[in-house]
**Q** 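I'd like to ask some things about the structure below.
Only heavy atoms go into these numbers, but all of them, side chains included; no hydrogens, no water, no symmetry mates. One-based numbering, in listed order, for ligands and for the atoms of each.
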Amino acid sequence: MDNDDPIPVDEMTEVEACAELVGLAETIAWHDRLYHEQDQPEITDAEYDALRRRNQAIEARFPQLVLPDGPSFRVGAEPAKGFRKVSHAVPMMSLENAFSPDDVDEFMAGIRNFILEIRDPAAPVAVVAEPKIDGLSCSLRYERGRLVAGTTRGNGTEGEDVTANVKTIADVPQALSGSGWPAVLEVRGEVYMSDEDFLHLNDRQAAEGGKPFANPRNAAAGSLRQLDPSITARRPLCFFAYAWGEISGPFARTQREARRKLAEWGFALNEPAIRLEVSSEDKGALDRYYMDIQEKRSSLGFSIDGIVIKIDRLDWQDRLGFISRSPRWAVAWKFPPEQAFTVIEKIEIQIGRTGKATPVANLSPISVGGVLVSRATLHNEDEIARKDIREGDTVIVQRAGDVIPQVAGVVLEKRPSESSPFAFPAHCPVCGSMLAREEGEAGTYCTGGLVCEAQAKERLKHFVARDAFDIEGLGEKNIELFFDRGLIRTPPEIFTFEDRDRLSDQPLATWKGWKEKSARNLFDSINKARTVSLARFIYALGIPQVGEATARLLARRYLTAARWRQGMEDASVPGSEERQHLLSIEGVGESMAGDLAAFFAEPHNQQVLDRLTGSRDGGEPLVSVVDFEPPAAVSPIAGKTVVFTGTLEMMSRSEAKARAEKLGAHVSGSVSKKTDYVVVGADAGSKEKNARELGVAILTEKAWLELAGGVD
Ligand code: IVH
């Protein structure tokens with residue numbers, strides 16, 4: 001559990017940012033899959049939101065690093081197998097989150113900045129606010145007033161056909177009531193389960209020997225996404241309508257009017273909703289509504305996780321449009337992360353792959369925001385001392401911000417009288433070697449190196465992990481098992497396992513819990529992993545400081561495994577030409593070069609490399625490392641710094657900025673040597689002059705639009 005405090009975004013280097021973005025993309029995709037496809041989230045929404053926010057903050061500072069298939073361009077997860085896939089004519093979006101009144105002010109300021117008519121903060125802007133239901137979104141298609149299709153969100157562009165299932169939901173009208181509905185109308189809303197129904201369902205599940213659902217949202221998702229609609233029919237699902245997708249013609253001018261029509265046509269709406277005028281004169285009304293709903297939260301009878309604020313005027317919604325995965329005209333103001341009190345039973349030291357000793361609190365298990373928590377990281381020795389965290393203490397546990405639960409504070413009044421401050425151990429709990437801490441460093445490390453089984457196991461786990469060799473079926477438990485039996489102690493032994501197993505008198509298939517088939521599956525996935533990209537290969541070796549981003553940079557620079565290895569050996573000599581070449585990679589400093597040199601100076605590591613990629617004296621390789629192929633550029637303006645000046649004619653300044661940022665450019669307010677383009681409209685002033693003096697490229701609005709891909 002190597003979990004240092006996150007680096008503040010404005011202090012990050014580009015390499016750190018790249019590393020984290022790659023990591024976040026993987027983590028978010030993983031949690032998306034758990035949530036949307038398996039209905040089994042491992043983390044709370046607050047925690048998930050924190051991941052997305054961090055991703056966004058890093059992307060905002062380093063737009064050139066935005067991954068084309070990264071989280072900001074994806075919503076949800078791929079549609080599950082088993083249901084017919086349906087494309088959404090109008091994509092199903094997600095919502096931006098706000099966590100504080102300041103965030104909401106920022107949202108409103110953004111709206112004012114976009115729509116010139118309401119620039120003046122005193123001008124009232126009408127918004128509709130309603131509870132944010134915690135279920136799963138669904139699109140219901142009506143043609144001539146008849147329900148013809150029900151579709152889940154899926155990845156936002158393509159969802160699953162759950163028509164037969166939605167038809168079993170009492171709240172979903174089979175035919176629209178009243179009149180005046182457009183011939184084609186896609187009603188969007190949330191399928192959810194009431195708290196009471198959820199408890200009953202779980203009781204029933206328990207009685208039938210089934211697995212209980214973690215929370216009402218998972219119960220709703222699991223119930224809707226049943227291949228057999230008769231099972232859905234037995235589940236008490238409900239539906240609230242709050243938006244629409246494809247429509248053959250407009251049916252309202254405001255959100256409020258749209259809500260009224262939806263109600264007339266037979267839909268239940270998220271209540272209690274409110275329409276407010278927001279202005280600098282009256283900023284309190286939204287806050288009051290938020291507090292009010294938060295107070296009512298537990299008595300509504302269904303789960304909500306915040307409120308949604310929408311700009312009332314639909315023509316403004318149209319103009320505001322979308323930003324990557326969410327509308328610019330709405331925001332979800334979330335309730336704060338949930339906390340809980342529990343007791344620290346014991347503080348343990350966990351040894352990581354690099355020997356880092358992380359203190360972890362074993363807690364009396366407690367439910368925090370619907371998820372059972374039994375461990376929390378305490379980060380390091382200083383953190384324990386700073387908060388004076390002791391065994392036996394009652395603490396506040398919080399799940400937010402990081403993937404691992406945190407201890408937010410100690411309840412001193414409940415401290416047992418006989419307690420004493422936690423003494424950080426002097427020796428590794430696994431191998432008994434000394435634990436050492438360098439001057440000025442926060443981390444403590446086990447000095448056991450290869451002797452320490454904990455480190456050896458962690459390295460193996462890292463080697464087979466999803467971002468590295470990605471060997472399915474060789475998870476942490478199996479690594480422990482094979483390691484303890486002495487069968488896999490180093491990476492090459494993974495790839496010779498099958499051959500050795502064939503000669504063994506106790507082959508894997510005869511072990512307890514294993515069968516011919518499961519053993520075969522494991523060997524098949526090991527064989528599948530024999531081909532690996534150079535970046536993954538470098539990353540898998542687990543060299544200290546060499547994370548995914550650095551591994552990619554190294555792969556990009558050296559292109560083949562052989563050249564990389566030779567380069568690293570040559571660069572081991574400080575001051576050598578190759579060392580300079582290595583240091584010229586942005587983000588590779590002396591300290592990392594030192595770690596790389598130390599890795600290659602270790603004969604054991606050389607042996608591992610020899611065995612994996614074939615020894616230089618002709619030994620057979622166990623794996624095949626694919627040469628690096630540079631990815632294609634995303635957009636010619638991605639990563640460029642752009643300044644707009646003067647009055648643009650084709651679109652508002654905010655719109656122009658929005659478009660530039662969408663394409664990965666960084667929009668700045670002032671011209672400097674770092675500016676790539678200055679786009680000049682009518683009556684441009686000093687900025688154009690500055691640009692000329694500094695020799696920065698000057699573009700007309702038209703030239704800019706050509707570069708940015710024309711007008712939609
Ligand atoms: S409006 C274009 N209103 O929250 C998207 N969404 O976290 C318009 N949600 O994807 C969505 N209650 O599934 C809207 N009152 C509400 C909502 C709501 C729940 C869901 C919806 C959305 C998700 C974003």
**Q** Within the 4.0 Å heavy-atom shell around Ser137, which atoms of ligand 1 are there?
**A**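 Within the 4.0 Å cut-off of Ser137, ligand 1 contributes 13 (O).
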**Q** Under 3.5 Å between any N/O of Leu95 and any N/O of ligand 1: does that happen in this structure?
**A**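 No: no nitrogen or oxygen of Leu95 is under 3.5 Å from one in ligand 1.
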**Q** At a non-hydrogen distance cut-off of under 4.0 Å, which region of Pro131 contacts ligand 1 (side chain, backbone, both, or neither)?
**A**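 Near ligand 1, Pro131 shows its backbone, while the atoms from C-beta on stay back.
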**Q** Using only heavy-atom distances, determine whether the side chains of Gln339 and Gln398 contain a donor-acceptor pair under 3.5 Å.
**A**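 There is such a pair (donor and acceptor under 3.5 Å, judged by atom type) between the side chains of Gln339 and Gln398.
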**Q** Judged on heavy-atom distance to atom 23 (C) of ligand 1, which of Arg188, Lys132, Gln317 sits nearest?
**A**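 Looking at heavy atoms only, the winner is Lys132.
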**Q** At under 4.0 Å between heavy atoms, is it the side chain or the backbone of Glu190 that contacts ligand 1, or both, or neither?
**A**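 It is the side chain that touches ligand 1; the backbone stays farther off.
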**Q** Using a strict cut-off of 4.0 Å, indicate which atoms of ligand 1 neighbour a heavy atom of Pro327.
**A**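 What qualifies from ligand 1 is 2 (C).
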**Q** Would you please indicate yes or no on a ring centroid separation below 6.0 angstrom for Tyr192 and Phe239?
**A**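 Judged by ring-centre distance (under 6.0 Å), Phe239 and Tyr192 do not meet the cut-off.
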**Q** Under a 4.0 Å threshold between the charged nitrogen and the carboxylate oxygen, would Glu96 count as salt-bridged to Arg328?
**A**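 The answer is no: the pair does not qualify as a salt bridge.
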**Q** Considering the heavy atoms of Lys310, write down every atom of ligand 1 situated less than 4.0 Å from one of them.
**A**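 So the atoms of ligand 1 that pass are 1 (S), 3 (N), 14 (C).
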**Q** Using a strict 4.0 Å threshold on nitrogen-to-oxygen distance, state whether Glu117 and Arg319 make a salt bridge.
**A**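 Result for this pair is yes, salt bridge flagged.
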**Q** Among Ile307, Leu136, Ile133, which one has a heavy atom closest to atom 12 (N) of ligand 1?
**A**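 Among Ile307, Leu136, Ile133, the closest heavy atom to atom 12 (N) of ligand 1 belongs to Ile133.
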**Q** Hey, is Arg259 close enough to Glu271 for a salt bridge, meaning N to O under 4.0 Å?
**A**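 Yes, this pair counts.
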**Q** Do the ring planes of Tyr290 and Phe335 sit parallel (below 30°), tilted (30 to 60°) or perpendicular (above 60°)?
**A**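 The arrangement is tilted - the two ring planes meet at 30° to 60°.
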**Q** Is Asp161 salt-bridged to Lys85, cutoff N-O under 4.0 Å?
**A**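 Lys85 and Asp161: not salt-bridged.
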**Q** Please find out if less than 6.0 Å separates the ring center of Tyr142 from that of Trp244.
**A**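 No, too far apart.
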**Q** Return the residue, atom name and 0.1 Å-rounded distance of the protein heavy atom closest to atom 2 (C) of ligand 1.
**A**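 Here the nearest protein heavy atom works out to Met93 CB, 3.5 Å.
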**Q** Closer than 4.0 Å to some heavy atom of Glu130 - which atoms of ligand 1 meet that?
**A**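 Answer, ordered by atom number: 3 (N), 15 (N), 16 (C).
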**Q** Would you mind checking which non-hydrogen protein atom is closest to atom 21 (C) of ligand 1, with the distance to 0.1 Å?
**A**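 Checking every protein heavy atom, the shortest distance to atom 21 (C) of ligand 1 gives Tyr242 OH, 2.9 Å.
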**Q** Need the ligand 1 atom indices (1-based, order shown) with element for anything under 4.0 Å from a heavy-atom of Arg153.
**A**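 What qualifies from ligand 1 is 10 (O).
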